[in-house]
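Whatever order the structure lists ligands and atoms in, that order sets their numbers, starting from 1.
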Amino acid sequence: MKYAELVDIYRRLDATSSGLEKTAILTEAFSAADEHQLPLLVKLVRGRLYAPWTSEELGVSSSLTQRAIAKATGVSEAEIEETWRETGDLGDAAAAGITNRTQRTLVDTELTVRGVHDALRELATYEGAGSEERRIDVVAGLLSDADPEEARYVVRTVLGHLRVGIGDGTVRDAIADAFLDGSEEAVTAVERAYQVTNDYREVAQAARDGGRDGLAELDIELFRPVEVMLARKAETLSGGLEDVAAPEEGVLLEYKFDGVRAQIHKRGADVRVFTRRLEDVTEQFPDAVAAIREHVTAQRCVLEGEIVGYDPDTRALVPFQALSKRIKRKYDIAEMASEIPVVVHLFDCLYLAGRALLDESARERLGALDGVLSPEREELERATHRTLPPADGANREKSDGGSSDGSIGSDGEDGAADDATRAFYEAALDTGHEGLMLKNLDATYQPGRRVGYMMKVKPVMEPLDLVVTRAQWSEGRRSDFLGRLFLGCRNPETGEIVEVGRLATGYTDEELRELTARLEGLVTEREGRRVDVEPEVVLEIEYEEIQRSPEYGSGFALRFPRFERIRVDLGPEDVDSLDRVRRLYEDQ
Ligand code: AMP
């Protein structure tokens with residue numbers, strides 16, 4: 001196939017903004033392609049030369065491309081840069097450069113799709129001294145043989161931006177139209193095949209050669225990552241529990257870890273780790289890889305989990321931003337691994353011993369996961385979890401983990417969330433995790449979809465600065481601390497402090513000690529284990545929701561308030577106003 005024919009397709013795609021027309025153009029092209037052309041076409045219409053999970057890159061920056069254009073045309077780099085600036089597209093600058101070129105090659109060779117593809121792919125293999133010049137030569141070579149339109153698209157392909165408005169959805173629909181009947185079921189079958197393969201070339205070939213059955217045969221393959229299932233956001237814990245599963249279905253509560261999602265592929269000692277965006281980060285996490293080799297007993301499996309970093313001295317969790325340094329790091333990896341060691345918290349098993357488990361229930365998949373973990377391990381753990389089995393009527397009794405009080409049912413103000421579930425949520429937050437994931441134990445795995453089988457709950461409201469008005473000594477281990485605090489905001493009309501809730505979680509012992517010391521100096525009255533204090537100590541508070549409540553002077557109550565920090569920089573005159581609380585209540 002001549003490259004000019006592909007360029008013609010690009011131009012037609014570019015000329016229309018209608019999604020339907022774009023699909024029709026691609027459908028026609030896919031239908032007309034022979035078996036050799038089809039995979040190339042599928043790849044090149046999106047301008048992608050490599051699968052997202054390979055680390056290969058063409059390694060040609062804009063400035064190298066600019067030099068290649070200059071070399072091929074004899075037009076000065078300054079002039080090329082000017083056009084680039086004017087049009088915002090180096091492809092346009094290349095087209096203009098070819099039109100105005102001052103030099104020509106002696107023999108014009110006609111560009112073919114295969115020729116352009118192979119030449120560009122080879123760029124990624126150049127390494128070391130002189131590799132930049134070689135890249136420039138290859139791109140310049142292609143441009144010398146190109147007419148202005150071809151040059152435009154060679155350059156856009158090199159830079160990875162075709163600008164013809166083709167997304168995954170257009171390619172999907174065109175495959176369904178070209179090789180199946182284009183129905184909604186056909187589109188779903190193509191989409192599903194893509195989610196497990198992440199490769200439209202394979203999908204197009206399977207659809208053409210085997211139709212719907214051919215697509216159904218495509219399945220997970222080791223070392224080719226699958227798109228991950230995505231979570232929906234729940235506004236509240238109770239709402240999430242209600243939405244994630246019907247009463248007759250089981251629910252799994254899991255800590256939501258703040259780290260890097262990892263899809264782990266293992267065959268014997270070969271292990272590769274892919275991120276949620278399917279990037280291969282195996283090299284960056286040798287410690288996680290070693291833990292997997294050592295503690296995952298299965299020969300062949302695909303597992304999912306979250307890689308979480310911690311401080312080696314304090315063992316405190318490190319935030320994602322710190323861990324992400326490890327992803328970016330290309331050298332001194334061992335040193336980085338000892339600075340920020342990691343634990344892998346596993347939460348799914350997608351494939352085991354030659355069999356994909358995507359269509360199994362989460363309960364089955366987790367059973368498979370438990371079955372492949374060796375008993376003794378530290379750097380590899382099953383994600384902290386708690387199971388809520390199907391409810392009998394409205395009563396969802398809990399079965400394991402956590403304390404055993406209460407049942408999940410229609411009783412209590414929190415609807416579906418009982419005390420033990422709430423305590424589990426608070427324990428997740430108290431130990432520095434982001435919140436909870438709620439998972440439907442009877443649901444299958446839906447790659448790439450944000451279905452409601454997995455919901456995330458985390459405190460998201462804007463924090464409030466509130467002042468401590470009264471306090472109570474804690475119970476049990478913390479009974480020497482004033483750990484139960486009433487919080488107030490300011491009523492701007494009267495200037496008074498009015499209470500909006502009571503706080504009991506979120507602080508470390510150290511923070512509690514400091515708070516107690518500050519509050520003791522402000523006590524105005526003592527009664528049993530309760531004290532009144534001068535409203536002086538301002539705290540930054542997070543919470544899940546604001547409710548109306550007759551219990552407090554403000555008429556509002558924070559649900560699940562959590563201590564963030566003492567605002568030593570603020571005084572009682574700086575605390576948030578009742579108006580702000582009311583506005584946040586109305587906005588939520
Ligand atoms: P978000 O990034 O806020 O949309 O939340 C979803 C992400 O939470 C997932 O992509 C995972 O990286 C992460 N995550 C943390 N803990 C878990 C868990 N127990 N199960 C599933 N995903 C988790």
Let me check something: any side-chain donor-acceptor pairs from residues 342-357 under 3.5 Å, sequence neighbours excluded? List them with distances.
residue, atom, partner, partner atom, Å
D348, OD1, R365, NE, 2.8
D348, OD2, R365, NH2, 3.1
R355, NH1, E360, OE2, 3.2

So, does E254 use its side chain to make a donor-acceptor pair with the main chain of H385 at under 3.5 Å?
-> no

Short N-O contact, R224 and E202, less than 4.0 angstrom = yes

Can you tell me which residues line ligand 1 if we count any heavy atom under 4.0 angstrom from one of its atoms, in chain and number order?
-> E254, Y255, K256, F257, R261, R276, E306, F347, M437, K439, K456, K458

Just distance, no hydrogens or angles: give the donor-acceptor pairs under 3.5 Å from side chains in residues 186-196, sequence neighbours left out.
residue, atom, partner, partner atom, Å
T188, OG1, E184, O, 2.9
E191, OE1, R172, NH1, 2.7
E191, OE2, R449, NE, 3.3
E191, OE2, R449, NH2, 3.4
R192, NH2, D359, OD1, 3.3
Q195, NE2, P447, O, 3.0

Could you list the residues that satisfy salt bridge (charged side-chain N to carboxylate O under 4.0 Å, His left out) with R477, not counting sequence neighbours?
-> D509

Taking everything shown except R293 itself, do over 12 heavy atoms lie less than 6.0 Å from its CZ?
-> yes

